[in-house]
**Student:** 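Starting off with a structure, shown below.
Nothing fancy with the numbering, it's 1 onward along the sequence. Both backbone and side-chain heavy atoms feed into the values below; hydrogens, waters and symmetry mates do not.
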Amino acid sequence: MAKTSELPPGVQKYAESALFTDASVPAKLTSRHNTKAGTWGRICVISGKLKYIITDEEHEPQILTLSQAGVIVPEQYHRVETIGPVEFKIEFFH
């Protein structure tokens, strides 16, 4: 499955996570995991930097910032790594 940098047209936001920090990020997000079929995600950094790693294919890790969100493709395995102090949330779309 290919990496994408944009959500497809027509998806609708239906939920978002709590605000996470480098101290509160759940272990599940830093371990290899995926979203369900039909579920897209957008990782939104509020402050600091976050490394987004797609684990099921050969991809360069992305450094996410306030101006660079990360798009999660349905069923694509990924994880995040904190890079110092960070605040971020995840928005979910279908």
Side-chain angles (χ1 to χ4, degrees):
M1 193 172 291
K3 177 177 88 171
T4 184
S5 60
E6 295 183 21
L7 293 167
V11 296
Q12 304 249 338
K13 182 177 167 185
Y14 71 89
E16 73 178 48
S17 71
L19 188 64
F20 300 118
T21 68
D22 48 296
S24 68
V25 60
K28 178 178 180 169
L29 298 183
T30 61
S31 302
R32 184 177 183 265
H33 66 284
N34 67 349
T35 56
K36 297 183 279 186
T39 300
W40 290 79
R42 179 168 51 205
I43 305 168
C44 302
V45 174
I46 308 304
S47 67
K49 295 179 181 179
L50 187 69
K51 187 183 290 188
Y52 173 45
I53 302 158
I54 298 170
T55 61
D56 61 347
E57 293 182 17
E58 292 296 320
H59 291 289
E60 290 292 319
Q62 291 178 278
I63 303 301
L64 307 181
T65 63
L66 180 60
S67 62
Q68 176 63 48
V71 173
I72 303 166
V73 174
E75 301 181 86
Q76 187 171 62
Y77 284 94
H78 62 279
R79 64 185 177 88
V80 298
E81 288 180 11
T82 60
I83 303 173
V86 66
E87 293 181 310
F88 70 99
K89 66 181 179 178
I90 305 166
E91 299 174 333
F92 297 97
F93 299 80
H94 57 89

**Student:** Keeping Thr35 on the side-chain end and Glu75 on the backbone end, is there a donor-acceptor pair under 3.5 Å?
**Tutor:** yes
**Student:** If the condition is side chain to side chain contact (heavy atoms under 4.5 Å, CB included), which residues does Pro85 pass it with, not counting sequence neighbours?
**Tutor:** Asp22
**Student:** For Ile53 and Glu81, which heavy atoms make the closest approach, and how far apart are they?
**Tutor:** CD1-OE2, 3.4 Å
**Student:** Identify the heavy atoms of Gly38 and Pro74 that sit nearest to each other, and give their distance.
**Tutor:** N-CB, 3.6 Å
**Student:** Please enumerate all residues that pass side chain to side chain contact (heavy atoms under 4.5 Å, CB included) together with Ser24, with sequence neighbours excluded.
**Tutor:** Phe20, Thr21
**Student:** I'd like to know if the side chain of Ser31 reaches the main chain of Lys28, judged simply by a donor and an acceptor atom lying under 3.5 Å from each other, with no hydrogens or angles considered.
**Tutor:** no
**Student:** Are the side chain of Ser17 and the backbone of Ile90 linked by a donor-acceptor contact shorter than 3.5 Å?
**Tutor:** yes
**Student:** Once side chain to side chain contact (heavy atoms under 4.5 Å, CB included) is applied, do any residues pair with His94, and if so which ones, sequence neighbours excluded?
**Tutor:** Tyr14
**Student:** Nearest 0.5 Å please: distance from the CZ atom of Arg32 over to the OG1 atom of Thr55.
**Tutor:** 4.5 Å
**Student:** Got Trp40 and Ile72 here, is their nearest side-chain heavy-atom distance under 4.5 Å?
**Tutor:** no
**Student:** Are Tyr77 and Ile54 linked, directly or through other ILVMFWY residues, by side chains that come within less than 4.5 angstrom of each other?
**Tutor:** no
**Student:** Taking the six-membered ring for Trp, is the centroid-to-centroid distance between His78 and Tyr52 below 6.0 Å?
**Tutor:** yes
**Student:** Rounded to the nearest 0.5 Å, what's the gap from CG on Leu50 to CG on Leu29? Could you check?
**Tutor:** 9.0 Å
**Student:** Quick one: pull up CD1 in Ile83 and CD1 in Ile63 and give me the separation to the nearest 0.5 Å.
**Tutor:** 3.5 Å
**Student:** Just how far is it from atom CD1 of Ile43 to atom CD of Gln68, taken to the nearest 0.5 Å?
**Tutor:** 10.5 Å
**Student:** Which ILVMFWY residues can you reach from Ile46 by hopping between side chains whose heavy atoms are under 4.5 Å apart?
**Tutor:** Leu19
**Student:** Partners of Lys13 by side chain to side chain contact (heavy atoms under 4.5 Å, CB included), sequence neighbours excluded?
**Tutor:** Glu16, Glu91, Phe93
**Student:** Rounded to the nearest 0.5 Å, how far does CD of Glu6 lie from CZ of Arg42?
**Tutor:** 10.5 Å
**Student:** Out of curiosity, Gln62 CD to Lys51 NZ, how far, rounded to the nearest 0.5 Å?
**Tutor:** 12.0 Å
**Student:** Give the other cluster members for Leu66, using side-chain heavy-atom distances under 4.5 Å between Ile, Leu, Val, Met, Phe, Trp and Tyr residues; answer none if it is isolated.
**Tutor:** none
**Student:** Grab the two heavy atoms, one from Lys49 and one from Thr65, that are nearest each other, plus how far apart they are.
**Tutor:** CG-CG2, 4.0 Å
